[in-house]
Amino acid sequence: MAKLIQVTNLKKIFENGSETVHAFGPLSVDINIGEFVTILGPSGCGKSTLMLIIAGLLESTSGKVEFENKLVEGPKTDIGIMFQNNTLVPWRTVKGNIELQLELRKLSLEDYEDKVNDILKSVNLEDFAHRYPNELSGGMQQRAAFCQAMIHEPKIILLDEPLGKLDAMTREKIRADFQKLWMIKKPTVIFVTHSIEEAVQLSSRIILITPRPGKIDREMKIDLPYPRDLKLKRSAKFMEYVNSIEEVFHEYGVI
Amino acid sequence: MKKFIKWILSGWMVILFFIGFFLFWEYSIIFFDVPKYILPPPSQIFVKGSADLDKLIYYTGITALETVLGFTIAIVLGLGFGIAISFSSILRRTLYPFFVSIEMTPKIAFAPLFISWFGFGLLPKVIIVVLVCFFPIVLNAILAFNSLSNELTLFYQSTGASRIKTFFKIRLPAALPQCFVGFKYAGINATVGATIAEFIGSDKGLGFYISIVTGNMRPDLAFAGIFFLTCLGLSVFAFVTIMEKILMPWHISMKRLNKQ
(Lines give C-alpha, C1' and ligand atoms only; values in the text may rest on other atoms or scores of the structure.)
Protein backbone atom coordinates (compact mmCIF):
# COMPACT_ATOMS: atom_id res chain seq x y z
CA MET A 1 0.00 0.00 0.00
CA ALA A 2 1.17 3.46 -0.85
CA LYS A 3 2.08 5.72 2.00
CA LEU A 4 0.02 8.89 2.31
CA ILE A 5 1.04 10.36 5.64
CA GLN A 6 4.22 9.93 7.57
CA VAL A 7 4.41 11.15 11.14
CA THR A 8 7.90 11.20 12.65
CA ASN A 9 8.79 11.82 16.31
CA LEU A 10 5.87 14.17 16.71
CA LYS A 11 5.51 15.83 20.08
CA LYS A 12 3.21 18.49 21.50
CA ILE A 13 3.63 20.43 24.69
CA PHE A 14 1.15 23.17 25.51
CA GLU A 15 2.69 26.12 27.29
CA ASN A 16 0.44 28.48 29.13
CA GLY A 17 2.58 30.86 31.14
CA SER A 18 4.47 28.80 33.68
CA GLU A 19 2.16 25.84 33.21
CA THR A 20 3.15 23.23 30.67
CA VAL A 21 1.06 20.27 29.61
CA HIS A 22 2.72 17.48 27.75
CA ALA A 23 -0.11 16.41 25.43
CA PHE A 24 1.55 13.56 23.56
CA GLY A 25 4.65 12.19 21.94
CA PRO A 26 7.13 11.70 20.70
CA LEU A 27 5.38 9.26 18.42
CA SER A 28 5.71 8.04 14.86
CA VAL A 29 3.09 6.51 12.63
CA ASP A 30 2.42 5.92 8.95
CA ILE A 31 -0.96 6.08 7.26
CA ASN A 32 -1.56 4.45 3.90
CA ILE A 33 -3.92 5.38 1.11
CA GLY A 34 -7.41 3.98 1.59
CA GLU A 35 -6.94 3.05 5.21
CA PHE A 36 -9.52 3.69 7.90
CA VAL A 37 -7.25 4.46 10.84
CA THR A 38 -8.69 5.02 14.27
CA ILE A 39 -6.80 6.85 16.97
CA LEU A 40 -8.21 5.30 20.11
CA GLY A 41 -7.42 6.52 23.57
CA PRO A 42 -8.81 7.84 26.84
CA SER A 43 -9.96 11.45 27.22
CA GLY A 44 -7.12 13.93 27.36
CA CYS A 45 -4.51 11.68 25.73
CA GLY A 46 -3.96 14.26 23.00
CA LYS A 47 -5.58 12.31 20.19
CA SER A 48 -7.58 15.28 18.87
CA THR A 49 -4.45 17.42 19.11
CA LEU A 50 -2.56 14.81 17.12
CA MET A 51 -5.24 14.86 14.44
CA LEU A 52 -5.15 18.66 14.18
CA ILE A 53 -1.36 18.66 13.86
CA ILE A 54 -1.55 16.07 11.10
CA ALA A 55 -3.98 18.38 9.29
CA GLY A 56 -1.58 21.29 9.74
CA LEU A 57 -4.16 23.17 11.79
CA LEU A 58 -1.98 23.23 14.88
CA GLU A 59 1.80 23.49 15.27
CA SER A 60 3.78 20.72 16.84
CA THR A 61 6.48 21.27 19.43
CA SER A 62 8.89 18.99 17.63
CA GLY A 63 8.92 16.30 14.97
CA LYS A 64 7.36 16.44 11.54
CA VAL A 65 4.36 15.41 9.47
CA GLU A 66 4.70 14.61 5.78
CA PHE A 67 1.89 14.30 3.27
CA GLU A 68 2.98 12.42 0.18
CA ASN A 69 6.60 13.14 1.15
CA LYS A 70 5.91 16.87 1.46
CA LEU A 71 6.40 18.53 4.81
CA VAL A 72 3.19 19.93 6.33
CA GLU A 73 3.86 23.55 7.28
CA GLY A 74 0.43 25.19 7.24
CA PRO A 75 -3.20 24.12 7.14
CA LYS A 76 -3.78 21.30 4.66
CA THR A 77 -6.59 22.13 2.30
CA ASP A 78 -7.15 18.83 0.50
CA ILE A 79 -8.87 17.43 3.56
CA GLY A 80 -12.37 17.13 4.94
CA ILE A 81 -12.84 17.68 8.63
CA MET A 82 -15.62 16.99 11.08
CA PHE A 83 -15.89 17.51 14.82
CA GLN A 84 -18.06 16.48 17.73
CA ASN A 85 -19.45 20.03 17.64
CA ASN A 86 -20.36 20.23 13.99
CA THR A 87 -19.45 23.09 11.69
CA LEU A 88 -22.93 23.67 10.32
CA VAL A 89 -23.74 27.38 10.39
CA PRO A 90 -27.24 28.31 11.60
CA TRP A 91 -27.92 30.84 8.83
CA ARG A 92 -27.74 28.31 6.03
CA THR A 93 -29.92 25.36 5.21
CA VAL A 94 -28.53 21.82 5.08
CA LYS A 95 -27.86 22.24 1.38
CA GLY A 96 -26.47 25.72 1.90
CA ASN A 97 -24.08 24.36 4.50
CA ILE A 98 -22.78 21.74 2.12
CA GLU A 99 -22.40 24.42 -0.52
CA LEU A 100 -20.47 26.56 1.98
CA GLN A 101 -17.62 24.07 1.70
CA LEU A 102 -17.67 24.47 -2.08
CA GLU A 103 -17.97 28.26 -1.99
CA LEU A 104 -15.04 28.65 0.39
CA ARG A 105 -12.99 26.48 -1.96
CA LYS A 106 -14.10 28.46 -5.03
CA LEU A 107 -15.65 25.34 -6.56
CA SER A 108 -18.55 25.80 -8.94
CA LEU A 109 -21.93 25.05 -7.40
CA GLU A 110 -23.27 24.02 -10.79
CA ASP A 111 -20.63 21.35 -11.27
CA TYR A 112 -21.45 19.89 -7.89
CA GLU A 113 -25.23 20.19 -8.05
CA ASP A 114 -25.75 16.47 -8.71
CA LYS A 115 -23.14 15.44 -6.22
CA VAL A 116 -24.78 17.48 -3.48
CA ASN A 117 -28.12 15.83 -4.18
CA ASP A 118 -26.52 12.38 -4.31
CA ILE A 119 -24.69 12.73 -1.05
CA LEU A 120 -27.83 14.02 0.66
CA LYS A 121 -29.69 11.03 -0.62
CA SER A 122 -27.01 8.64 0.57
CA VAL A 123 -27.52 9.81 4.16
CA ASN A 124 -31.31 10.00 3.80
CA LEU A 125 -31.45 13.77 4.10
CA GLU A 126 -32.87 14.58 0.66
CA ASP A 127 -36.16 15.74 2.19
CA PHE A 128 -34.35 18.00 4.61
CA ALA A 129 -32.13 19.83 2.13
CA HIS A 130 -33.93 23.11 2.73
CA ARG A 131 -34.24 22.86 6.48
CA TYR A 132 -32.05 24.80 8.90
CA PRO A 133 -29.71 22.91 11.25
CA ASN A 134 -31.67 23.85 14.36
CA GLU A 135 -34.72 22.14 12.87
CA LEU A 136 -32.87 18.82 12.74
CA SER A 137 -32.15 16.21 15.39
CA GLY A 138 -28.59 15.74 16.60
CA GLY A 139 -28.15 12.65 14.43
CA MET A 140 -29.42 14.38 11.31
CA GLN A 141 -27.12 17.31 11.99
CA GLN A 142 -24.12 15.00 12.11
CA ARG A 143 -25.22 13.36 8.85
CA ALA A 144 -25.41 16.81 7.27
CA ALA A 145 -22.01 17.72 8.72
CA PHE A 146 -20.63 14.53 7.23
CA CYS A 147 -21.89 15.58 3.80
CA GLN A 148 -20.29 18.98 4.33
CA ALA A 149 -16.93 17.35 5.12
CA MET A 150 -17.09 14.98 2.14
CA ILE A 151 -18.64 16.97 -0.71
CA HIS A 152 -15.37 18.19 -2.22
CA GLU A 153 -14.09 14.60 -2.30
CA PRO A 154 -10.99 15.18 -0.21
CA LYS A 155 -8.06 12.80 -0.21
CA ILE A 156 -8.32 12.37 3.51
CA ILE A 157 -11.15 12.76 5.96
CA LEU A 158 -10.49 13.66 9.57
CA LEU A 159 -13.22 12.77 12.01
CA ASP A 160 -12.90 13.96 15.60
CA GLU A 161 -15.45 12.02 17.64
CA PRO A 162 -18.19 12.88 15.18
CA LEU A 163 -20.71 10.70 16.99
CA GLY A 164 -19.68 11.71 20.50
CA LYS A 165 -22.82 13.60 21.38
CA LEU A 166 -25.36 11.16 20.00
CA ASP A 167 -27.41 8.61 21.86
CA ALA A 168 -26.41 4.96 21.61
CA MET A 169 -29.07 3.92 19.09
CA THR A 170 -28.50 6.84 16.71
CA ARG A 171 -24.79 6.21 16.99
CA GLU A 172 -25.22 2.63 15.92
CA LYS A 173 -27.32 3.62 12.94
CA ILE A 174 -25.07 6.42 11.73
CA ARG A 175 -21.99 4.26 12.18
CA ALA A 176 -23.47 1.73 9.78
CA ASP A 177 -24.33 4.49 7.30
CA PHE A 178 -20.84 5.98 7.49
CA GLN A 179 -19.38 2.59 6.81
CA LYS A 180 -21.56 2.11 3.78
CA LEU A 181 -20.49 5.49 2.43
CA TRP A 182 -16.84 4.85 3.16
CA MET A 183 -16.96 1.52 1.32
CA ILE A 184 -18.06 3.18 -1.92
CA LYS A 185 -14.90 5.23 -2.52
CA LYS A 186 -12.65 4.12 0.32
CA PRO A 187 -11.10 7.49 1.08
CA THR A 188 -8.37 7.61 3.69
CA VAL A 189 -9.90 8.30 7.08
CA ILE A 190 -8.41 9.27 10.39
CA PHE A 191 -11.00 8.73 13.06
CA VAL A 192 -10.62 9.85 16.66
CA THR A 193 -12.72 8.18 19.31
CA HIS A 194 -12.71 6.70 22.78
CA SER A 195 -15.30 4.07 21.96
CA ILE A 196 -13.59 0.70 21.60
CA GLU A 197 -16.53 -0.94 19.89
CA GLU A 198 -16.81 1.88 17.39
CA ALA A 199 -13.11 1.62 16.63
CA VAL A 200 -13.25 -2.12 15.99
CA GLN A 201 -16.38 -1.87 13.87
CA LEU A 202 -15.12 0.86 11.56
CA SER A 203 -11.35 0.68 11.28
CA SER A 204 -8.94 -1.26 9.22
CA ARG A 205 -6.28 -0.32 11.76
CA ILE A 206 -6.42 0.98 15.31
CA ILE A 207 -3.70 2.97 17.00
CA LEU A 208 -3.96 2.66 20.75
CA ILE A 209 -2.84 5.76 22.61
CA THR A 210 -1.82 5.69 26.26
CA PRO A 211 -3.09 8.21 28.83
CA ARG A 212 -1.35 11.59 28.81
CA PRO A 213 1.31 12.15 27.68
CA GLY A 214 -0.05 10.10 24.81
CA LYS A 215 2.23 7.53 23.26
CA ILE A 216 1.44 4.69 20.92
CA ASP A 217 0.93 1.57 22.98
CA ARG A 218 0.43 -0.64 19.97
CA GLU A 219 -1.15 -0.80 16.57
CA MET A 220 -3.76 -3.35 15.73
CA LYS A 221 -4.91 -4.44 12.30
CA ILE A 222 -8.59 -5.37 12.32
CA ASP A 223 -8.87 -8.29 10.02
CA LEU A 224 -12.61 -8.50 9.58
CA PRO A 225 -14.59 -8.27 6.36
CA TYR A 226 -16.64 -5.19 5.52
CA PRO A 227 -19.47 -4.37 5.94
CA ARG A 228 -19.29 -5.03 9.62
CA ASP A 229 -22.92 -5.36 10.54
CA LEU A 230 -24.69 -6.35 13.72
CA LYS A 231 -24.21 -10.02 13.01
CA LEU A 232 -20.48 -9.63 12.70
CA LYS A 233 -20.43 -7.59 15.87
CA ARG A 234 -21.79 -10.58 17.76
CA SER A 235 -19.11 -12.87 16.38
CA ALA A 236 -16.36 -14.28 18.57
CA LYS A 237 -13.63 -12.63 16.54
CA PHE A 238 -15.14 -9.18 16.94
CA MET A 239 -15.45 -9.70 20.68
CA GLU A 240 -11.89 -10.90 20.80
CA TYR A 241 -10.63 -7.61 19.38
CA VAL A 242 -12.79 -5.64 21.76
CA ASN A 243 -11.65 -7.67 24.74
CA SER A 244 -7.98 -7.43 23.92
CA ILE A 245 -8.23 -3.65 23.62
CA GLU A 246 -10.18 -3.42 26.86
CA GLU A 247 -7.41 -5.42 28.44
CA VAL A 248 -4.82 -2.85 27.34
CA PHE A 249 -6.73 0.10 28.74
CA HIS A 250 -7.54 -1.84 31.88
CA GLU A 251 -3.83 -2.21 32.50
CA TYR A 252 -3.44 1.55 32.27
CA GLY A 253 -6.18 1.92 34.84
CA VAL A 254 -8.39 3.78 32.37
CA ILE A 255 -11.22 1.26 32.57
CA MET B 1 -56.18 41.11 8.20
CA LYS B 2 -56.41 37.63 9.61
CA LYS B 3 -52.98 38.10 11.13
CA PHE B 4 -54.08 41.39 12.66
CA ILE B 5 -57.11 39.80 14.29
CA LYS B 6 -54.92 37.02 15.56
CA TRP B 7 -52.50 39.57 16.94
CA ILE B 8 -55.32 41.45 18.70
CA LEU B 9 -56.59 38.19 20.12
CA SER B 10 -53.19 37.11 21.39
CA GLY B 11 -52.50 40.59 22.75
CA TRP B 12 -55.84 41.14 24.46
CA MET B 13 -54.38 40.69 27.91
CA VAL B 14 -51.81 43.43 27.58
CA ILE B 15 -54.35 45.72 25.89
CA LEU B 16 -56.75 45.13 28.75
CA PHE B 17 -53.95 45.85 31.19
CA PHE B 18 -53.21 49.19 29.55
CA ILE B 19 -56.88 50.19 29.57
CA GLY B 20 -57.10 49.20 33.23
CA PHE B 21 -53.93 51.14 34.01
CA PHE B 22 -55.25 54.37 32.48
CA LEU B 23 -58.68 53.94 34.08
CA PHE B 24 -57.03 53.42 37.46
CA TRP B 25 -54.94 56.54 36.91
CA GLU B 26 -57.95 58.63 35.79
CA TYR B 27 -60.19 57.65 38.70
CA SER B 28 -57.67 57.54 41.50
CA ILE B 29 -56.87 61.19 40.77
CA ILE B 30 -60.55 61.99 41.28
CA PHE B 31 -60.81 59.65 44.25
CA PHE B 32 -57.74 60.95 46.07
CA ASP B 33 -58.40 64.50 44.91
CA VAL B 34 -54.90 65.03 43.49
CA PRO B 35 -54.41 68.60 42.21
CA LYS B 36 -54.14 68.65 38.42
CA TYR B 37 -50.97 70.77 38.44
CA ILE B 38 -49.27 67.89 40.31
CA LEU B 39 -50.56 64.91 38.35
CA PRO B 40 -53.10 65.40 35.57
CA PRO B 41 -55.51 62.63 34.52
CA PRO B 42 -54.93 60.92 31.15
CA SER B 43 -58.03 62.57 29.67
CA GLN B 44 -56.60 66.03 30.30
CA ILE B 45 -53.20 64.99 28.90
CA PHE B 46 -54.98 63.84 25.77
CA VAL B 47 -57.11 66.94 25.35
CA LYS B 48 -54.39 69.51 26.07
CA GLY B 49 -51.81 67.51 24.19
CA SER B 50 -54.06 67.41 21.10
CA ALA B 51 -54.38 71.18 21.24
CA ASP B 52 -50.59 71.45 21.12
CA LEU B 53 -50.21 68.74 18.50
CA ASP B 54 -48.46 70.83 15.83
CA LYS B 55 -45.66 71.77 18.19
CA LEU B 56 -45.37 68.25 19.56
CA ILE B 57 -45.06 66.73 16.11
CA TYR B 58 -42.51 69.32 15.03
CA TYR B 59 -40.44 68.74 18.16
CA THR B 60 -40.72 64.99 17.76
CA GLY B 61 -39.21 65.44 14.31
CA ILE B 62 -36.32 67.43 15.77
CA THR B 63 -35.57 64.88 18.48
CA ALA B 64 -36.01 62.03 16.00
CA LEU B 65 -33.46 63.65 13.69
CA GLU B 66 -30.90 63.90 16.51
CA THR B 67 -31.61 60.36 17.63
CA VAL B 68 -31.49 58.73 14.22
CA LEU B 69 -28.41 60.65 13.06
CA GLY B 70 -26.56 59.86 16.28
CA PHE B 71 -27.63 56.24 16.32
CA THR B 72 -26.64 55.69 12.68
CA ILE B 73 -23.23 57.30 13.12
CA ALA B 74 -22.72 55.23 16.29
CA ILE B 75 -23.52 52.02 14.41
CA VAL B 76 -21.08 52.84 11.62
CA LEU B 77 -18.31 53.89 14.02
CA GLY B 78 -19.06 51.13 16.53
CA LEU B 79 -18.99 48.36 13.96
CA GLY B 80 -15.90 49.83 12.31
CA PHE B 81 -13.94 50.08 15.53
CA GLY B 82 -15.33 46.77 16.76
CA ILE B 83 -14.11 44.92 13.69
CA ALA B 84 -10.76 46.73 13.71
CA ILE B 85 -10.18 45.91 17.37
CA SER B 86 -11.23 42.29 16.88
CA PHE B 87 -8.71 41.76 14.11
CA SER B 88 -5.78 43.78 15.43
CA SER B 89 -3.86 42.64 18.47
CA ILE B 90 -2.30 46.09 18.87
CA LEU B 91 -5.68 47.81 19.00
CA ARG B 92 -6.94 45.12 21.34
CA ARG B 93 -4.20 46.05 23.80
CA THR B 94 -4.60 49.81 23.43
CA LEU B 95 -8.02 50.99 22.28
CA TYR B 96 -10.00 48.16 23.83
CA PRO B 97 -9.01 48.77 27.48
CA PHE B 98 -9.44 52.50 26.82
CA PHE B 99 -12.99 51.93 25.59
CA VAL B 100 -13.79 49.62 28.49
CA SER B 101 -12.66 52.24 31.01
CA ILE B 102 -14.61 55.03 29.29
CA GLU B 103 -17.66 52.76 29.29
CA MET B 104 -17.59 53.05 33.07
CA THR B 105 -18.05 56.84 33.05
CA PRO B 106 -21.62 58.03 32.59
CA LYS B 107 -21.38 59.54 29.11
CA ILE B 108 -24.19 61.93 29.79
CA ALA B 109 -21.87 63.79 32.20
CA PHE B 110 -20.09 65.12 29.11
CA ALA B 111 -23.30 66.73 27.84
CA PRO B 112 -22.85 70.19 29.39
CA LEU B 113 -19.30 70.32 28.01
CA PHE B 114 -20.42 69.55 24.47
CA ILE B 115 -23.18 72.15 24.73
CA SER B 116 -20.66 74.75 25.86
CA TRP B 117 -18.26 73.79 23.06
CA PHE B 118 -20.67 73.45 20.17
CA GLY B 119 -23.61 75.64 21.13
CA PHE B 120 -27.36 75.03 21.06
CA GLY B 121 -27.69 73.47 17.63
CA LEU B 122 -27.97 69.98 16.24
CA LEU B 123 -24.30 69.05 16.45
CA PRO B 124 -23.82 68.72 20.24
CA LYS B 125 -27.00 66.62 20.52
CA VAL B 126 -25.87 64.27 17.80
CA ILE B 127 -22.46 63.98 19.44
CA ILE B 128 -24.05 63.11 22.77
CA VAL B 129 -26.31 60.49 21.17
CA VAL B 130 -23.28 59.01 19.40
CA LEU B 131 -21.39 58.95 22.68
CA VAL B 132 -24.23 57.20 24.49
CA CYS B 133 -24.77 54.64 21.70
CA PHE B 134 -21.21 54.00 20.61
CA PHE B 135 -19.93 52.00 23.57
CA PRO B 136 -22.58 49.29 23.81
CA ILE B 137 -22.26 48.82 20.05
CA VAL B 138 -18.48 48.66 19.93
CA LEU B 139 -18.12 46.42 22.99
CA ASN B 140 -20.74 43.98 21.74
CA ALA B 141 -19.19 44.00 18.27
CA ILE B 142 -15.78 43.09 19.74
CA LEU B 143 -17.39 40.29 21.69
CA ALA B 144 -19.29 39.19 18.58
CA PHE B 145 -16.30 39.02 16.27
CA ASN B 146 -14.16 37.26 18.85
CA SER B 147 -16.54 34.48 19.71
CA LEU B 148 -16.37 32.34 16.58
CA SER B 149 -16.28 28.69 17.61
CA ASN B 150 -12.98 26.88 17.51
CA GLU B 151 -14.44 24.29 15.15
CA LEU B 152 -15.61 26.86 12.59
CA THR B 153 -12.20 28.51 12.68
CA LEU B 154 -10.48 25.20 11.97
CA PHE B 155 -13.06 24.43 9.31
CA TYR B 156 -12.49 27.57 7.28
CA GLN B 157 -8.73 27.23 7.70
CA SER B 158 -8.97 23.76 6.18
CA THR B 159 -10.66 25.21 3.09
CA GLY B 160 -7.85 27.65 2.32
CA ALA B 161 -10.39 30.44 1.77
CA SER B 162 -9.21 34.06 1.75
CA ARG B 163 -9.70 36.31 4.76
CA ILE B 164 -12.22 38.47 2.94
CA LYS B 165 -14.25 35.47 1.88
CA THR B 166 -14.31 33.96 5.36
CA PHE B 167 -15.24 37.35 6.75
CA PHE B 168 -18.36 37.68 4.63
CA LYS B 169 -19.34 34.02 4.55
CA ILE B 170 -18.63 33.08 8.15
CA ARG B 171 -17.38 35.74 10.54
CA LEU B 172 -19.89 38.47 9.76
CA PRO B 173 -23.08 36.38 9.81
CA ALA B 174 -21.82 34.55 12.90
CA ALA B 175 -21.30 37.88 14.65
CA LEU B 176 -24.67 39.43 13.77
CA PRO B 177 -26.75 38.14 16.71
CA GLN B 178 -24.34 39.55 19.30
CA CYS B 179 -24.02 42.80 17.32
CA PHE B 180 -27.76 43.23 17.50
CA VAL B 181 -27.63 42.93 21.29
CA GLY B 182 -25.51 46.08 21.16
CA PHE B 183 -27.78 47.81 18.62
CA LYS B 184 -30.84 47.19 20.77
CA TYR B 185 -29.22 48.44 23.92
CA ALA B 186 -27.93 51.50 22.08
CA GLY B 187 -31.35 52.05 20.49
CA ILE B 188 -32.93 52.27 23.92
CA ASN B 189 -30.27 54.72 25.07
CA ALA B 190 -30.40 56.88 21.97
CA THR B 191 -33.59 58.78 22.88
CA VAL B 192 -32.36 59.13 26.47
CA GLY B 193 -29.20 60.82 25.19
CA ALA B 194 -31.11 63.16 22.89
CA THR B 195 -33.60 64.14 25.60
CA ILE B 196 -31.01 64.91 28.24
CA ALA B 197 -28.95 66.87 25.74
CA GLU B 198 -32.03 68.95 25.00
CA PHE B 199 -32.72 69.45 28.72
CA ILE B 200 -29.30 70.97 29.16
CA GLY B 201 -29.30 73.39 26.34
CA SER B 202 -31.58 73.78 23.34
CA ASP B 203 -34.41 75.82 21.89
CA LYS B 204 -36.39 73.01 20.31
CA GLY B 205 -37.06 69.30 20.59
CA LEU B 206 -39.11 67.18 22.97
CA GLY B 207 -36.57 67.44 25.80
CA PHE B 208 -36.70 71.24 25.51
CA TYR B 209 -40.51 71.13 25.40
CA ILE B 210 -40.79 68.96 28.51
CA SER B 211 -38.43 71.11 30.54
CA ILE B 212 -40.23 74.34 29.51
CA VAL B 213 -43.78 73.12 30.16
CA THR B 214 -42.74 71.59 33.47
CA GLY B 215 -41.34 74.98 34.47
CA ASN B 216 -44.71 76.51 33.54
CA MET B 217 -46.53 74.10 35.86
CA ARG B 218 -48.07 72.22 32.96
CA PRO B 219 -47.48 68.54 33.78
CA ASP B 220 -50.26 67.60 31.35
CA LEU B 221 -48.19 68.88 28.44
CA ALA B 222 -45.06 67.30 29.91
CA PHE B 223 -46.82 63.93 29.85
CA ALA B 224 -47.90 64.57 26.26
CA GLY B 225 -44.22 65.17 25.42
CA ILE B 226 -43.24 62.00 27.27
CA PHE B 227 -45.84 60.11 25.26
CA PHE B 228 -44.28 61.25 22.00
CA LEU B 229 -40.81 60.43 23.30
CA THR B 230 -42.02 56.94 24.13
CA CYS B 231 -43.38 56.56 20.61
CA LEU B 232 -40.04 57.70 19.22
CA GLY B 233 -38.16 55.22 21.42
CA LEU B 234 -40.50 52.43 20.41
CA SER B 235 -40.04 53.27 16.72
CA VAL B 236 -36.27 53.12 16.99
CA PHE B 237 -36.47 49.80 18.82
CA ALA B 238 -39.02 48.43 16.35
CA PHE B 239 -36.76 49.44 13.47
CA VAL B 240 -33.82 47.55 14.98
CA THR B 241 -36.01 44.52 15.61
CA ILE B 242 -37.32 44.54 12.05
CA MET B 243 -33.78 44.84 10.70
CA GLU B 244 -32.81 41.90 12.88
CA LYS B 245 -35.65 39.89 11.44
CA ILE B 246 -34.72 40.80 7.87
CA LEU B 247 -30.99 40.16 8.30
CA MET B 248 -31.22 37.00 10.36
CA PRO B 249 -34.48 35.19 9.71
CA TRP B 250 -32.58 32.04 10.66
CA HIS B 251 -31.79 33.13 14.19
CA ILE B 252 -33.10 30.88 16.92
CA SER B 253 -34.86 33.70 18.80
CA MET B 254 -36.77 34.54 15.58
CA LYS B 255 -37.87 30.96 15.18
CA ARG B 256 -39.24 30.98 18.69
CA LEU B 257 -41.10 34.24 18.06
CA ASN B 258 -42.62 32.88 14.87
CA LYS B 259 -43.85 29.75 16.56
CA GLN B 260 -45.71 31.63 19.27
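Every chain is numbered from 1, with letters handed out A, B, ... down the list of sequences.
Other residues, nucleotides and ligands place no more than 12 heavy atoms under 6.0 Å from the CG atom of A:Asn16. Atom OH of B:Tyr185 has 12 or fewer heavy atoms from other residues, nucleotides or ligands within 6.0 Å. No more than 12 heavy atoms of other residues, nucleotides or ligands sit less than 6.0 Å from atom NZ of A:Lys155. Within 6.0 Å of CD1 on B:Ile15 lie more than 12 heavy atoms contributed by other residues, nucleotides or ligands. Within a 6.0 Å radius of CZ in B:Phe227, no more than 12 heavy atoms belonging to other residues, nucleotides or ligands are found. Within a 6.0 Å sphere centred on CZ of B:Phe18, heavy atoms belonging to other residues, nucleotides or ligands number 12 at most.
B:Trp250 and A:Pro90 make their closest contact through CB-O, 3.4 Å (heavy atoms, listed as atom of the first residue, atom of the second, distance).
There is no contact between B:Leu176 and chain A, counting heavy-atom distances below 4.5 Å. When heavy atoms are compared at a cutoff of 4.5 Å, A:Leu58 does not approach chain B at all.
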Anything under 3.5 Å between a donor and an acceptor, one on a side chain of residues 57-66 of chain B, the other on a protein residue two or more places apart or in another chain? List them.
residue	atom	partner	partner atom	Å
B:Thr60	OG1	B:Leu56	O	2.6
B:Thr63	OG1	B:Tyr59	O	3.1
B:Thr63	OG1	B:Glu198	OE1	3.3
B:Thr63	OG1	B:Glu198	OE2	3.0
B:Thr63	OG1	B:Leu206	N	2.8

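Comparing A:Leu57, A:Ile79, A:Leu52 by heavy-atom pairs within less than 4.5 Å of chain B, the highest count is held by A:Leu57. Put simply, of A:Met82, A:Arg92, A:Gln84, A:Gln148, the one with the most heavy-atom pairs under 4.5 Å next to chain B is A:Gln148.
Of all residues in residues 139-160 of chain B, those placing a non-hydrogen atom less than 4.5 angstrom from a non-hydrogen atom of chain A are B:Glu151, B:Leu152, B:Leu154, B:Phe155, B:Tyr156, B:Gln157, B:Ser158, B:Thr159, B:Gly160.
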